[in-house]
Amino acid sequence: PFSATDIQTFLSAKLGCERATQILEHFENLGLKDWLGNPQTLDLISAIGREPNLPQTRSQLYAKAVQKLAEEHNAEKIEQQLLPATVISAAGAACAALILCSQTSIVRKPSAHLVDGEILLPAVKLLPDGAYIEQALDTRLFVAHGPDQFGYMHRRIGEYLAAQWLTQQANTDRKRRRLLAMFQHAGMVPANLRGLYAWLAHDSQLAEHVIAFDPLAILEYGETDDLLPHQARLLYQALARLTQGDPHQWQLRSFKARCFGQSDLQTDVAHWITPQDPIMTPLRVLVIESLEATAMARLLYRQLKHIITNTEDFYAARQAAFQSLASILSRQESEELIDQLAALNDEDSLRLALELAHTQGFGQFQAHVLAEISLAYAMTNSRMSGKFFYLEQELPDSHLVDFLNVFTDGIGRLKEHQDYELLYEINDLAFALIAKAVNAQLPDDCQMLQWLSSLDSYHCITEKKKQLNEQKAQLNE
C-alpha cells in the first residue's frame, strides 16, 4: 500500500498540489482512507478528481466508481460492448459468489485442478445474470490474479456490487427473509460479511431489519447520509441498545452519521445531545460530531455552545460540540466564545480556547488575549504534549511583539516556580517566538533586552536558544 507521502505525490502529479490536498481531505472525511492507500483505487480517485463536482457521499462515490470501471476502454472491442448496467449486474453476481463462498478467484480450469480459494467460472455462470460474467471479468471491475484467474479489484467495490445484485434477486418477502437469515446468525453478522451486509440497507424493504441488527456495520462500511428520518431514528435506537449492552465497543472508534443532521430530527437530536447516563457518552459524542457542517448545527447553536462552555461535561463532548460549530462561527461569535472559555480558566476550557484560535486563525484574535490564555493554560499543569505547537508555528508576525510583551512579562513573575516542566515549556515557546520576531526584524534593542531579561535560559531547549542566536547573527552580518 501507498504511504501518506506516496499518495500526496501521486495525486499531485495527476491533479496538481492544491487539488490533491482537496481530494485527500474529501475522501478522508468520507471514511475512505483504505481507498487512498491502494494504487488501483487511487488511480480511480484521480480520474474522479478531475471532474468539477466530487461525490458527496459514499454511495455516490461507489456508483460513480463502478460506472467508470464498467465502461469499455478498448476501441477494438467497442462493437461487442454491453450496456454498463448489464456489466454491473453480472459483476455483482460474480462478487456475491466470491464473497459469500469465501473465495478469492474465479478461474477457467478443469475442476480436477481446483485449489482452495478458487471457484469455477462455469459454476458462477449458472447464477442469474451469469451469462455475461465473462465480459464483466474483462472490465476494470476485476483484476487478474494469474492466467485465467480473476478477482474483484477492491474488496469494498466487490461488497457494494454484491449487495446490489443480492437485493435485486431478493424480490419477494420470502426471499428477503432467506437473505437476511444468511447474514444474521447467532446474534451477529460474520466479520467477513459485514461490509456487504451494510449495503443491504440501501434497499427500502431491507433497511429497517439490517439497521436494527447491526447498526455499527452501517456506520463503518455503509452509508448513513441517505437514510430517511424514521430510519435515522431507528439507527439511533439500535446504537443506544448496543451502547447500553457494551459501551466499551466504542473505544478507539470514530464514526459519523450525517443522517442525524436532517432538520426534521431537530427535536430528537436536541434530546440526544443532552447529558444523560455517562454510559451513553460515546453515542452522544457521535451524534454531536455528526452535526459538523450541517444546517442542524446552526439550529442548535445555543445548545452546542452551552456544551462547549459547560465545565461539568466530558471533554470529548465539549470538543465535539466545538468542531460542529467551528465552520459556521462568525468572527464576533468566535471572539465571544474565546472570551467565555478564557474566563472559565480551567484546563479543558483553556485547551479549547487555543484550539478555537488555531481553527479560526490566530490572527483573528488579539495578541494579548492569546498570550494570557497561553500563560493560564501553562499554569494548569496540563501534561498534554505539544500544547503550543500550532501557536509557535502559526502565530502571525503582526502579533509577535504584543504577544511577547505580555507573555514574557508573565514568565518573569514565574521564575521561582518549582515546576521545571512548566518553566521549560514557557521559556521554550518564548525563545522560539523571539527568534521569529528577530527574523521578521520586528523588535528594537530595548524590546529584545526587555524580553530576554524575563527569561530563564537554563529552562529552555538548547536548540531553541541556538535558533535565536543564529537569527541574531544573520542580522548582525
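Just so you know, these numbers come straight off a predicted model, no measurement behind them. One-based numbering along the sequence shown. Computation of the quantities below employed the complete heavy-atom set of this structure, encompassing side-chain atoms and omitting hydrogens, waters and symmetry-equivalent molecules.
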**Student:** Quick one: list whatever passes side-chain contact (heavy atoms from CB on, under 4.5 Å) with Ser111, sequence neighbours left out.
**Tutor:** Leu120
**Student:** Would you say the side-chain atoms of Glu223 pair up with the backbone N or O of Arg58, donor to acceptor, closer than 3.5 Å?
**Tutor:** yes
**Student:** Is the closest side-chain heavy-atom distance between Arg50 and Lys14 below 4.5 Å?
**Tutor:** yes
**Student:** Using 0.5 Å steps for rounding, measure from the OG1 atom of Thr243 to the CD1 atom of Ile279.
**Tutor:** 9.5 Å
**Student:** To the nearest 0.5 Å, what is the distance between CD on Glu392 and CG on Leu429?
**Tutor:** 6.0 Å
**Student:** Give, for atom CG of Leu286 and atom CZ of Phe260, the distance between the pair rounded to the nearest 0.5 Å.
**Tutor:** 6.5 Å
**Student:** For residues 259-279, which residue pairs pass the salt bridge (Lys or Arg N to Asp or Glu O under 4.0 Å) check, not counting sequence neighbours?
**Tutor:** Arg233-Asp268
**Student:** Just by distance, with hydrogens left out, do Asp346 and Thr311 show a side-chain donor and acceptor under 3.5 Å apart?
**Tutor:** no
**Student:** With ring centroids as reference points, do Tyr62 and Tyr160 lie under 6.0 angstrom apart?
**Tutor:** yes
**Student:** Search all heavy atoms of Ser334 against all heavy atoms of Leu329 and return the closest pair with its distance.
**Tutor:**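 Residues Ser334 and Leu329, closest heavy atoms: OG-CB, 3.5 Å.
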**Student:** Between the side chains of Glu355 and Arg351, is the shortest nitrogen-to-carboxylate-oxygen separation below 4.0 Å, so that they form an ion pair?
**Tutor:**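 Looking at Glu355 together with Arg351, the answer is no, because their closest N to O distance does not fall below 4.0 Å.
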**Student:** Do side-chain atoms of Asn439 reach the backbone of Lys436 as a donor and acceptor pair under 3.5 angstrom?
**Tutor:** no
**Student:** Would you say Glu51 has more than 12 foreign heavy atoms packed within less than 6.0 Å of its CD?
**Tutor:** yes
**Student:** Give the C-alpha distance, both sets of side-chain angles, the deciding distance and a yes or no for side chain to side chain contact (heavy atoms under 4.5 Å, CB included) between Thr274 and Gln303.
**Tutor:** CA-CA 8 Å; Thr274 301; Gln303 189 173 357; 3.2 Å; yes
**Student:** Among all residues two or more places apart in sequence or in another chain, which pass the side-chain contact (heavy atoms from CB on, under 4.5 Å) test with Leu126?
**Tutor:**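 Testing Leu126 for side-chain contact (heavy atoms from CB on, under 4.5 Å), a comparison that skips the adjacent residues, returns none.
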**Student:** Of Phe388, Tyr390, Phe389, which meets ring pair (Phe, Tyr, Trp, His ring centres under 6.0 Å) against His358?
**Tutor:**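 The passing option is Tyr390.
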**Student:** Side chains of Ile273 and Leu304: closer than 4.5 Å at any heavy-atom pair?
**Tutor:**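 Contact flag for Ile273/Leu304 side chains = yes.
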**Student:** Output yes when a side-chain donor or acceptor of Gln319 lies under 3.5 Å from a complementary backbone atom of Ala317, and no otherwise.
**Tutor:** no
**Student:** Considering only residues two or more places apart or on different chains, which pairs with a residue in residues 90-105 satisfy salt bridge (Lys or Arg N to Asp or Glu O under 4.0 Å)?
**Tutor:**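 Sorted result for residues 90-105: empty, none.
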**Student:** Which residues satisfy the salt bridge (charged side-chain N to carboxylate O under 4.0 Å, His left out) test with Glu292, sequence neighbours excluded?
**Tutor:**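 Result, salt bridge (charged side-chain N to carboxylate O under 4.0 Å, His left out) vs Glu292: Lys256.
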**Student:** Using every non-hydrogen atom in the two residues, find where Cys95 and Gly158 come nearest and quote the distance to one decimal.
**Tutor:** CB-O, 3.4 Å
**Student:** To the nearest 0.5 angstrom, please state how far the CG atom of Asn310 sits from the NZ atom of Lys305.
**Tutor:**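 It comes to 13.5 Å.
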**Student:** My understanding is that only residues two or more places apart in sequence, or in another chain, count here; which of them pass side-chain contact (heavy atoms from CB on, under 4.5 Å) with Arg241?
**Tutor:** Ala212, Gln237, Ala238
**Student:** Indicate yes or no: does Glu333 engage Arg298 in a salt bridge with an N to O separation below 4.0 Å.
**Tutor:** yes
**Student:** To the closest 0.5 Å, what do you measure between CG (Leu350) and NZ (Lys387)?
**Tutor:**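 One gets 11.5 Å once the value is rounded to the nearest 0.5 Å.
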**Student:** In the structure I gave you, are the side-chain heavy atoms of Gln244 and Met280 within less than 4.5 Å of one another anywhere?
**Tutor:**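 Yes. Closest side-chain heavy atoms under 4.5 Å.
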**Student:** Using 4.0 Å as the upper bound for N to carboxylate O, is an ion pair formed by Glu159 and Arg156?
**Tutor:** yes
**Student:** What I'd like to find out is whether the side chain of Leu341 reaches to under 4.5 Å of the side chain of Thr309, using heavy atoms alone.
**Tutor:**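 Yes, side chains in contact.
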**Student:** Please, which pairs that meet ring-ring contact (aromatic ring centres under 6.0 Å, His included) have at least one residue in residues 201-221, sequence neighbours excluded?
**Tutor:**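 The answer is Trp199-His202.
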**Student:** Under the side chain to side chain contact (heavy atoms under 4.5 Å, CB included) criterion, do Cys259 and Gln231 qualify, and how do the steps go?
**Tutor:** CA-CA 9 Å; Cys259 59; Gln231 294 171 333; over 6 Å; no
**Student:** Can you tell me how far the CG atom of Leu141 sits from the CD1 atom of Ile88, to the nearest 0.5 Å?
**Tutor:**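 Interatomic distance, Leu141 CG to Ile88 CD1, rounded to 0.5 Å: 7.0 Å.
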**Student:** Would you sort out whether Val269 and Leu299 count as a side chain to side chain contact (heavy atoms under 4.5 Å, CB included), showing the intermediate values?
**Tutor:** CA-CA 11 Å; Val269 173; Leu299 292 174; over 6 Å; no
**Student:** Do other residues, nucleotides or ligands put more than 12 heavy atoms under 6.0 Å from Asn171 CG?
**Tutor:**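 Check passes, neighbour count above 12.
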**Student:** Does a side-chain heavy-atom distance below 4.5 Å link Val115 with Val107?
**Tutor:**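 In short, these two side chains do not touch, never coming nearer than 4.5 Å.
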**Student:** Please report the closest heavy-atom contact between Ser290 and Ala257, naming both atoms and the distance.
**Tutor:** OG-N, 2.7 Å
**Student:** Going by the salt bridge (Lys or Arg N to Asp or Glu O under 4.0 Å) test, which pairs reach into residues 90-119, not counting sequence neighbours?
**Tutor:**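 Non-adjacent pairs meeting salt bridge (Lys or Arg N to Asp or Glu O under 4.0 Å): Arg108-Glu134, Arg108-Asp148, Lys109-Glu118.
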**Student:** Are Ile308 and Leu356 packed together at the side-chain level, in the sense that at least one heavy-atom pair is separated by less than 4.5 angstrom?
**Tutor:** no
**Student:** Please report the shortest heavy-atom distance between Leu98 and Ile106, naming the atom on each side.
**Tutor:** CD2-CG1, 3.8 Å
**Student:** Can you check salt bridge (Lys or Arg N to Asp or Glu O under 4.0 Å) on Arg140 and Asp43, steps first, answer last?
**Tutor:** CA-CA 12 Å; Arg140 293 186 298 159; Asp43 191 47; 5.1 Å; no
**Student:** Run the side-chain donor-acceptor check on residues 180-192: report pairs under 3.5 Å with partners two or more places apart or on a different chain.
**Tutor:**
from: Gln184; atom 1: NE2; to: Tyr197; atom 2: OH; distance (Å): 3.0

**Student:** Using the ring-ring contact (aromatic ring centres under 6.0 Å, His included) rule, collect all pairs that involve residues 286-310, keeping only residues at least two apart or in two chains.
**Tutor:** none
**Student:** At their closest point, which heavy atom of Arg318 faces which heavy atom of Ser349, and how far apart are they?
**Tutor:** NH2-OG, 2.7 Å
**Student:** Test side chain to side chain contact (heavy atoms under 4.5 Å, CB included) on Leu127 and Trp165 and set out the steps.
**Tutor:** CA-CA 11 Å; Leu127 295 169; Trp165 181 80; 4.2 Å; yes
**Student:** Any non-hydrogen side-chain atom of Glu289 less than 4.5 Å from a side-chain atom of Val287?
**Tutor:**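 No, every pair of side-chain atoms sits at 4.5 Å or beyond.
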**Student:** Could you check if a side-chain atom of Trp272 sits within less than 4.5 angstrom of a side-chain atom of Leu283, using non-hydrogen atoms only?
**Tutor:**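 Heavy-atom side-chain distance check fails, nothing below 4.5 Å.
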**Student:** Per the salt bridge (Lys or Arg N to Asp or Glu O under 4.0 Å) rule, what does the pair list look like for residues 195-217, sequence neighbours excluded?
**Tutor:**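 Applying salt bridge (Lys or Arg N to Asp or Glu O under 4.0 Å) to every pair that reaches into residues 195-217, excluding sequence neighbours, yields Arg194-Asp214.
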**Student:** Could you check whether atom CZ of Phe10 has more than 12 heavy atoms from other residues, nucleotides or ligands sitting under 6.0 Å from it?
**Tutor:** yes
**Student:** Looking just at side-chain N and O atoms, do Thr9 and Asp6 make a donor-acceptor pair shorter than 3.5 Å?
**Tutor:** no
**Student:** Among Thr139, Ile157, Leu161, which one satisfies side chain to side chain contact (heavy atoms under 4.5 Å, CB included) with Leu69?
**Tutor:** Ile157
**Student:** Taking all heavy atoms of Ala232 and all of Leu265, pick out the closest pair and write down the distance.
**Tutor:**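 So the minimum-distance heavy-atom pair works out to CB-CD1, 3.7 Å.
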**Student:** List in chain and number order the residues that pass side-chain contact (heavy atoms from CB on, under 4.5 Å) with Thr86, two or more places apart in sequence or in another chain; answer none if no residue qualifies.
**Tutor:** Leu82, Leu83, Tyr132
